[in-house]
2 protein chains.
Amino acid sequence: MAENHRTMPTRDQLRIWRDYIETAQALSTSLGSRLQSESSLSTGDYQVLLALTEAPQHTLRSSELATLIGWERSRLSHHLGRMEKRHLIRRVPCADDVHGVDVTATESGRAAFRAGSVPHLRAVRELFVEALTPEQLAHLDNTSAALRRHLGVDAPVAKERAT
Amino acid sequence: MAENHRTMPTRDQLRIWRDYIETAQALSTSLGSRLQSESSLSTGDYQVLLALTEAPQHTLRSSELATLIGWERSRLSHHLGRMEKRHLIRRVPCADDVHGVDVTATESGRAAFRAGSVPHLRAVRELFVEALTPEQLAHLDNTSAALRRHLGVDAPVAKERAT
DNA sequence: GTTGCAGCATTGACATGTCAATTCGGAAGG
DNA sequence: CCTTCCGAATTGACATGTCAATGCTGCAAC
């Protein structure tokens with residue numbers, strides 16, 4: 001009793017939260033715009049092409065791809081539509097499964113990925129890895145894991161309850 | 001020489017990077033959807049209303065507001081347009097400056113902010129603060145600061161060079 | 001067999017972001 | 001006076017995300 005005012009973060013905790021989230025977003029934006037200018041790929045394109053490039057035949061079922069990169073189906077569908085227009089990938093109805101689509105990285109998609117990959121990884125190193133000491137990296141690893149564990153338990157996005 | 005192959009992150013560093021960025025995004029999304037369902041405000045709305053609520057007369061010049069919350073002008077303009085349609089804010093041409101617009105939080109905007117604020121802060125505590133030990137929080141604070149310092153030096157978004 | 005549900009993918013409507021013009025009116029230089 | 005430039009803000013075109021329908025087809029219950 002008399003201590004439920006502890007439901008709100010302190011001023012300092014709030015500052016740390018904002019710094020955390022803004023820093024991550026700034027980094028992500030910066031990496032994304034570098035990638036864009038160096039290869040005409042967005043980070044979304046990059047994730048998709050990374051998964052496809054590593055898959056046998058450069059091909060994955062749409063739903064597997066969604067699971068692999070952790071996207072919602074509809075987001076992936078929209079994105080694949082845009083990528084198909086730019087000839088980065090191709091979609092063909094899948095033979096074995098009547099429903100289901102095979103997504104394949106085209107030659108030009110794979111070329112764009114190869115072109116973007118090296119500068120992108122270099123940028124990750126320059127903007128992220130080199131900013132931190134090995135200890136900071138290790139702490140950050142722990143911290144991210146703790147946050148994800150907590151989030152997974154606490155907020156499973158309410159996608160359950162299908163009965 | 002013979003060591004410039006160190007321009008790329010190791011497998012582990014890359015994993016930490018991806019975990020970091022994906023965790024931050026997942027948290028941000030989760031907080032955002034809570035806020036949305038509890039107050040019909042997006043995180044963007046929240047940032048804008050927070051700044052305005054704390055300002056004298058609940059009013060700020062558009063450009064000051066942009067600087068305060070760190071948004072690009074055009075982004076703010078679009079967002080204010082949407083918020084104005086929902087009667088959360090009002091825009092009036094500024095008296096002293098011929099160019100320039102005063103942005104004011106309406107009564108209903110302030111009410112929405114008050115309604116969203118407490119649950120939002122509670123969510124920050126639940127999803128972020130409570131997931132971490134005090135040491136982890138402190139480390140994270142350092143780490144964010146290091147990343148921002150490095151980013152600021154390395155990639156000032158190329159907005160300089162006005163002469 | 002037909003009814004209806006379940007699973008995979010797409011679609012449409014709309015919110016949000018970025019980038020490159022564009023508008024607008026005052027200040028400078030001629 | 002006229003041209004040019006500048007700064008504040010907006011606009012338009014388009015990329016990206018989310019949410020709630022919608023198509024489509026097999027399979028299971030009846």
Side-chain angles (χ1 to χ4, degrees), chain A residues 22 25-26 28-37 39-48 60-67 69-86 88-103 157-159 161-163, chain B residues 22 25-26 28-37 40-48 60-67 69-86 88-103 157-159 162-163:
Chain A
E22 280 165 20
Q25 262 158 17
S28 170
T29 301
S30 188
L31 263 284
S33 80
R34 281 207 189 195
L35 182 61
Q36 186 83 62
S37 68
S39 67
S40 304
L41 295 177
S42 69
T43 59
D45 302 334
Y46 189 86
Q47 284 180 83
V48 168
L60 285 172
R61 283 285 299 282
S62 175
S63 48
E64 296 177 309
L65 179 53
T67 305
I69 62 182
W71 286 10
E72 295 195 4
R73 278 124 152 328
S74 111
R75 175 181 176 188
L76 182 60
S77 203
H78 281 302
H79 204 96
L80 290 180
R82 291 186 294 260
M83 289 181 75
E84 198 165 30
K85 252 182 223 141
R86 295 190 289 144
L88 295 171
I89 57 109
R90 212 175 315 112
R91 280 188 287 196
V92 279
C94 178
D96 12 339
D97 239 323
V98 186
H99 323 293
V101 174
D102 278 339
V103 184
V157 200
K159 283 257 148 81
R161 202 122 295 237
T163 303
Chain B
E22 280 164 21
Q25 263 159 18
S28 170
T29 301
S30 188
L31 263 285
S33 81
R34 282 207 189 195
L35 182 61
Q36 185 84 61
S37 68
S40 302
L41 295 178
S42 68
T43 59
D45 302 335
Y46 189 86
Q47 284 180 83
V48 167
L60 285 171
R61 283 285 299 282
S62 175
S63 49
E64 295 177 311
L65 179 53
T67 305
I69 62 183
W71 285 12
E72 294 195 6
R73 298 332 224 18
S74 114
R75 176 181 175 186
L76 182 59
S77 201
H78 282 301
H79 204 95
L80 290 180
R82 291 186 296 259
M83 290 181 75
E84 199 166 30
K85 252 182 225 141
R86 295 190 288 146
L88 296 172
I89 56 110
R90 213 176 316 108
R91 278 186 289 194
V92 279
C94 178
D96 12 339
D97 239 325
V98 187
H99 321 294
V101 174
D102 276 339
V103 184
V157 201
K159 283 255 148 84
T163 305

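Remember, predicted model here, so these are calculated numbers, not experimental data. All values below were derived from every heavy atom in this structure, side-chain atoms included, with hydrogens, water molecules and symmetry-related copies excluded.
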Undergrad: Atom NZ of A/K85 and atom P of D/dA15: how far apart are they, to the nearest Å?
TA: 8 Å

Undergrad: Locate the shortest heavy-atom distance separating A/G44 from A/H79; write the atom from each residue and the value.
TA: C-NE2, 3.7 Å

Undergrad: Could you grab the distance from atom CZ of B/R61 to atom CG of B/D96, nearest 0.5 Å is fine?
TA: 7.0 Å

Undergrad: Please report the distance, rounded to the nearest Å, between NE2 in B/H79 and C1' in C/dC14.
TA: 14 Å

Undergrad: Hey, is the side chain of A/R75 poking within less than 4.0 Å of OP1 or OP2 on D/dT16, counting only N and O atoms?
TA: no

Undergrad: Is a side-chain N or O of B/S30 found less than 3.5 angstrom from the main chain of B/A26, in a donor-acceptor match?
TA: no

Undergrad: For B/R91 and D/dT10, is the shortest distance between a side-chain N/O and OP1 or OP2 below 4.0 Å?
TA: yes

Undergrad: About how many Å separate OG1 of B/T29 and CD of B/Q36, when rounded to the nearest 0.5 Å?
TA: 12.0 Å

Undergrad: How long is the line joining NE2 of B/H99 and C1' of D/dT11, in whole Å?
TA: 18 Å

Undergrad: A/S42 side chain N/O closer than 4.0 Å to the phosphate oxygens (OP1, OP2) of D/dT16?
TA: yes

Undergrad: Rounded to whole Å, how long is the line connecting atom CZ of B/R73 with atom P of D/dA9?
TA: 5 Å

Undergrad: Using a 4.0 Å heavy-atom cut-off across all strands, classify B/S77 as base, sugar-phosphate, or nothing.
TA: base

Undergrad: Any donor-acceptor pair under 3.5 Å linking the side chain of A/S37 with the backbone of A/R34?
TA: yes

Undergrad: May I ask you to evaluate whether A/R61 reaches the phosphate of C/dA9, defined as a side-chain N or O under 4.0 Å from OP1 or OP2?
TA: yes

Undergrad: Check every strand shown and say whether A/R86 touches a base, only sugar-phosphate, or nothing at a heavy-atom separation below 4.0 Å.
TA: nothing

Undergrad: Using the closest heavy atom to pick a nucleotide of DNA chain C for each, name whichever of A/L76 or B/G44 lands nearer the 5' end.
TA: A/L76

Undergrad: Which whole-number value in Å describes the distance from A/R34 CZ to C/dT18 P?
TA: 18 Å

Undergrad: Could you state the NE2-P distance from B/H78 to C/dA20, rounded to the nearest angstrom?
TA: 13 Å

Undergrad: In whole angstroms, how far is the C1' atom of D/dA9 from the CD atom of B/E72?
TA: 14 Å

Undergrad: Any side-chain N or O of B/R82 under 4.0 Å from OP1/OP2 of C/dA15?
TA: no

Undergrad: If the cut-off is 4.0 Å, is A/S74 near the phosphate of D/dG17, judged by side-chain N/O to OP1 or OP2?
TA: no

Undergrad: B/S63 has a side chain; which of D/dT10, C/dT11, D/dA8 sits nearest to it?
TA: D/dA8

Undergrad: How many whole angstroms separate atom CD of A/Q47 from atom C1' of D/dA15?
TA: 15 Å

